[in-house]
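I have placed the structure first, in the form of structure tokens, so that the comments after it can refer back to it.
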Amino acid sequence: MLTADDKKLIQQVCERSSGHLEQFGTEALERMFMTYPQTKTYFPHFDLQHGSDQIRSHGKKVATALANAAKNLDNLSQALSELSNLHAYSLRVDPVNFKLLSQCFQVVLAVHLGKDYTPEVHAAFDKFLSAVASVLAEKYR
Amino acid sequence: MVHWTAEEKQLIAGLWGKVNVEECGAEALARLLIVYPWTQRFFSSFGNLSSPTAIIGNPKVRAHGKKVLTSFGEAVKNLDNIKATYSKLSELHCEKLHVDPENFRLLGDILIIVLASHFAKDFTPACQFAWQKLVGVVAHALARKYH
């Protein structure tokens with residue numbers, strides 16, 4: 001459950017990241033593909049080499065969706081409804097992978113924010129990504 | 001037996017050499033208790049865990065964090081024999097401490113984030129891969145003697 005403090009911290013992180021969505025999204029995906037190779041099975045149609053345009057564009061798309069979710073913390077289900085449909089009926093990504101991408105996003109934030117990725121920010125963001133994952137998996141069955 | 005490439009061994013040993021075990025250990029355990037508060041169930045004798053500030057400043061948390069990460073160093077020194085290295089600790093965590101092995105995975109992921117925040121760009125994707133593999137192997141070894 002996101003507290004008022006959590007929401008503030010999440011929004012602050014997203015503010016700081018707003019000029020780096022493509023960079024952070026790309027890096028999170030690259031780390032995910034490298035650290036958890038099984039995640040590549042969802043992208044047989046992509047060029048997965050470092051620096052690929054497809055990863056760059058997809059990273060930007062994912063990070064932008066998260067930034068948008070962060071602006072709608074009181075209404076995640078509605079804000080993510082289309083994406084929830086997409087993941088349930090079309091993409092059908094196994095939900096365990098949401099946790100893997102969450103870990104990688106958090107590593108990217110830790111790398112870039114250093115000490116500013118405090119335990120409180122870490123907790124808030126972990127909760128946020130977990131809430132997003134729940135919504136994305138909501139319609140699976 | 002787990003297979004480690006020369007590069008993975010280098011990435012692990014290279015980073016470990018720069019880790020302040022006391023600081024990182026304390027921070028990793030504190031973050032575990034803050035980010036996943038239900039893990040506090042194992043530490044009712046630790047005193048004040050009522051807020052992130054209390055947890056971070058708690059001397060028992062710091063001491064225990066250092067102990068845990070020091071033990072982790074044994075894995076780094078014995079990459080080719082992690083199973084045997086943790087055999088007794090595995091029995092202890094099962095029979096005396098009654099810790100759900102899921103907690104080993106949670107702590108492993110937290111340690112990765114602590115390393116990332118300390119080493120920033122030096123914590124490259126290749127480095128993350130090697131370390132995630134290591135924390136996974138350690139978690140598996142600690143769970144191995146459960147019955």
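So you know, we letter chains A, B, ... as the sequences are listed, proteins then strands, and number each from 1. Note that these values count all heavy atoms, side chains included, but never hydrogens, waters or copies made by symmetry.
Heavy-atom neighbours of chain A within the stretch residues 95-117 of chain B, taken at a separation under 4.5 angstrom, comprise B:D109, B:I110, B:I112, B:I113, B:A116, B:S117. Taking 4.5 Å as the heavy-atom cut-off, the residues of residues 96-103 of chain A that approach chain B are A:K99, A:Q103, ordered by number. When the heavy atoms of residues 43-60 of chain A are compared with those of chain B, none of the residues falls under 4.5 Å. Proximity to chain B at a heavy-atom threshold of 4.5 Å picks out nothing from residues 130-141 of chain A.
Cluster membership check: B:I12 does not share its hydrophobic cluster with B:M1, using side-chain heavy-atom separations under 4.5 Å among Ile, Leu, Val, Met, Phe, Trp and Tyr. Note: the hydrophobic cluster containing B:W4 also contains B:V135 (ILVMFWY, side chain heavy atoms under 4.5 Å, direct or indirect links). B:F72 and B:F123 fall within a single hydrophobic cluster, where Ile, Leu, Val, Met, Phe, Trp and Tyr side chains are chained together by heavy-atom contacts under 4.5 Å. Hydrophobic clustering of Ile, Leu, Val, Met, Phe, Trp and Tyr side chains at less than 4.5 Å, counting indirect connections, unites A:L66 with A:L83.
For chain A, the nearby part of B:Y36 is the side chain; its heavy atoms alone come within less than 4.5 Å. A:F125 does not touch chain B: none of its heavy atoms, backbone or side chain, sits under 4.5 Å away. Heavy atoms closer than 4.5 Å to chain A are found in the side chain of B:I56, but not in its backbone. Using a 4.5 Å cut-off between heavy atoms, B:A30 does not touch chain A at all.
Heavy atoms from other residues, nucleotides or ligands lying under 6.0 Å from NE2 of B:H140 number 12 at most. Enclosure of atom CD in B:E7 is not indicated, since only 12 or fewer non-hydrogen atoms of other residues, nucleotides or ligands lie within 6.0 angstrom. In B:K83, the NZ atom is not crowded: 12 or fewer heavy atoms of neighbouring residues, nucleotides or ligands sit closer than 6.0 Å. Other residues, nucleotides and ligands contribute over 12 non-hydrogen atoms within 6.0 Å of the NZ atom of A:K127.
Taking chain B as the reference chain and counting heavy-atom pairs below 4.5 Å, the highest number among A:A123, A:P37, A:A124, A:C104 is found for A:A123. The residue among B:I55, B:I34, B:D122 with the most heavy atom pairs within less than 4.5 Å of chain A is B:I34.
Of all non-hydrogen atoms in B:R31 and A:Y117, the two that sit nearest each other are NH2-O, 2.7 Å. Contact detail for B:P125 and A:M34: the closest heavy-atom pair is C-SD, 3.5 Å.
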